Amino acid sequence: MGCRSRPSQTDRTGTLTDDSNRTKHRTATRLVEGGRRSEWTGAVVNPPVWRGSTHLYESHADLLTGKPNADGHFHYGRRGGPTQWALAEALTEIEPGSAGTMLYPSGTAALFSTLAAVLKSGDRLALSDNAYEPTRQIAFGPLAQMGVETMTFDPLDLDRFEDLCRSGIAAVMLESPGSQTMEVCDVPALAKIAHAHDAVVLLDNTWASPLGFAALENGVDITIMSLTKHVGGHSDLLMGSAAAGQQYYRAIRLAAQVQGQHVSPDDAALAHRGLRTMQMRLAQSTANALALAQWLESRAEVAQVLCPMLPGSPGHELWKRDFTGGCGLFSVVLKDADKAARGRFLDALDLFGMGYSWGGFESLAIPFDPERIRDRIAWPPAGCDPEDRLGVRFSVGLEDTEDLIEDLEQAFAAMHA
Ligand SMILES: *Cc1c(COP(=O)(O)O)cnc(C)c1O
């Protein structure tokens, strides 16, 4: 029954050594089958929680012949055990072009670890201005202390980016769509320019995941995800991952091991459980988000909807060209609202919780004011009245969209009160 035993497919940290199984099955099947080697699962269906810090050797001779730093050789718990290897392997299987996946205790740890893996003192980093705020804090905090100089740039201005690359850049950190402000970037074009100037290309691909954007096949060298969002999917764990082709996998693996990056087997099992249903959840939350985005577009309280999946929204054409899916996360710019009105709207929402993070089964809404964390990108976006600057970001979950729309409707009424 089934094909749970695939001995030669990968080594045990998720490094693919043979692509045959990966090319045989399609994504939905890989999400179901990924990481279910019989030596990891035993007689149960999903890899169980396998705890252990210490590996006992059979004999002195066994210890001497062991290869302490070989992939999949269980030598000490910090390198993970079967529960973590199973998740890493499953993630590698859904990332086209990936030689392996590393796991981190958060998406933020994955961002720091991969940047530290490819940068050294004296290097310059080009940072997309629409990046997640903690990415900026990493660049201007610990990376600056390491002697790395960071230059922000507008990812929609390819000419200026080329000038920046010409001036000498060791790496570029991209995010598409951008956090909160949702700019879709021309990743293949940016990567091509960066590579012409010998820079490493990193992408925070949390929004799309490999199901929505095949980062490594679009020119990216190292692709990073916060598994806290779509993979976990249930707002009950934090984790991050990074994947790369042969050229950079060894470097990110070595950095993660030296830094002591580790995830617990309990969280790895939870994340792996989330992965099994990720494609269905993403498809449903994408459809729900689109329904809400369309409805919001018609409202007088909304100056602009920033939702890449929505025809006419900024970045939609690039999204259509490069992406194979969306998700439930999008933003709006409010019209003629002040902060008190925005607060009344958010306080009146009942089904939308107010809180950070996103990608869970439940809907969320938060206010945002990007001027504080941007210095290159124009805000408000083109087409908005300059007075309309207040943003709201929605993470649409799996509720009934009629209920969500009724909730938004009564919250807009409260906003006017
Ligand atoms: C949440 C998030 C992260 C960080 O993830 P954590 O797991 O919370 O550390 C990184 N990038 C983006 C785009 C995010 O939204």
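When reading the values below, keep in mind they use all heavy atoms of this one structure, side chains included, and skip hydrogens, waters and symmetry mates. These numbers were taken from a predicted model, which means no experiment stands behind them. Just follow the structure's listing: the first ligand is 1, and inside any ligand the first atom is 1. Just so you know, residue 1 is the first one in the sequence shown, and it goes up from there.
- Counting the atoms of ligand 1 from 1 in the order shown, those under 4.0 Å from a heavy atom of K229 are 1 (C), 2 (C), 3 (C), 5 (O), 14 (C), 15 (O).
- Using a 4.0 Å cut-off to heavy atoms of S106, the atoms of ligand 1 that qualify are 7 (O), 9 (O).
- What sits closest to atom 5 (O) of ligand 1 on the protein, heavy atoms only, is S226 OG, 2.9 Å.
- Counting heavy atoms from C-beta outward, R342 and L346 have side chains that approach closer than 4.5 Å.
- Atoms of ligand 1 found under 4.0 Å from any heavy atom of S179 (numbered from 1 in listed order, with element): 13 (C).
- Figure legend: cation-pi geometry between K229 and F361 absent, as NZ or CZ is not positioned both under 6.0 Å from the six-membered ring centre and within 45° of its axis.
- Side-chain contact between H195 and V201 is present, with heavy atoms from C-beta onward closer than 4.5 Å.
- Atoms of ligand 1 lying under 4.0 Å from any heavy atom of E175, numbered from 1 in the order shown and given with element: 13 (C).
- Side-chain atoms of T181 and R374 form a donor-acceptor pair, as typed in the model, at a separation below 3.5 Å.
- Looking at N130, D204, T108, it is D204 that brings a heavy atom closest to atom 11 (N) of ligand 1.
- Comment: E33 does not engage R30 in a salt bridge, judged by the lack of any side-chain N to carboxylate O separation of less than 4.0 angstrom.
- Listed by number with element, the atoms of ligand 1 under 4.0 angstrom from any heavy atom of T228 are 6 (P), 7 (O).
- Looking from atom 4 (C) of ligand 1 to the surrounding protein, the closest heavy atom is Y132 CE2, 3.3 Å.
- For the pair M182/P308, a side-chain contact is recorded, criterion being any heavy-atom separation below 4.5 Å from C-beta on.
- Looking only at heavy atoms of the protein, atom 6 (P) of ligand 1 is closest to G107 N, 3.4 Å.
- With contacts defined as side-chain heavy-atom distances shorter than 4.5 Å, the pair Q261/M102 does not qualify.
- Proximity to W358 (heavy-atom distance under 4.0 Å) selects the following atoms of ligand 1: 15 (O).
- Taking atom 8 (O) of ligand 1 as the reference point, the nearest protein heavy-atom neighbour is L238 CD2, 3.7 Å.
- With a 4.5 Å cut-off on side-chain heavy atoms, L270 and D236 count as touching.
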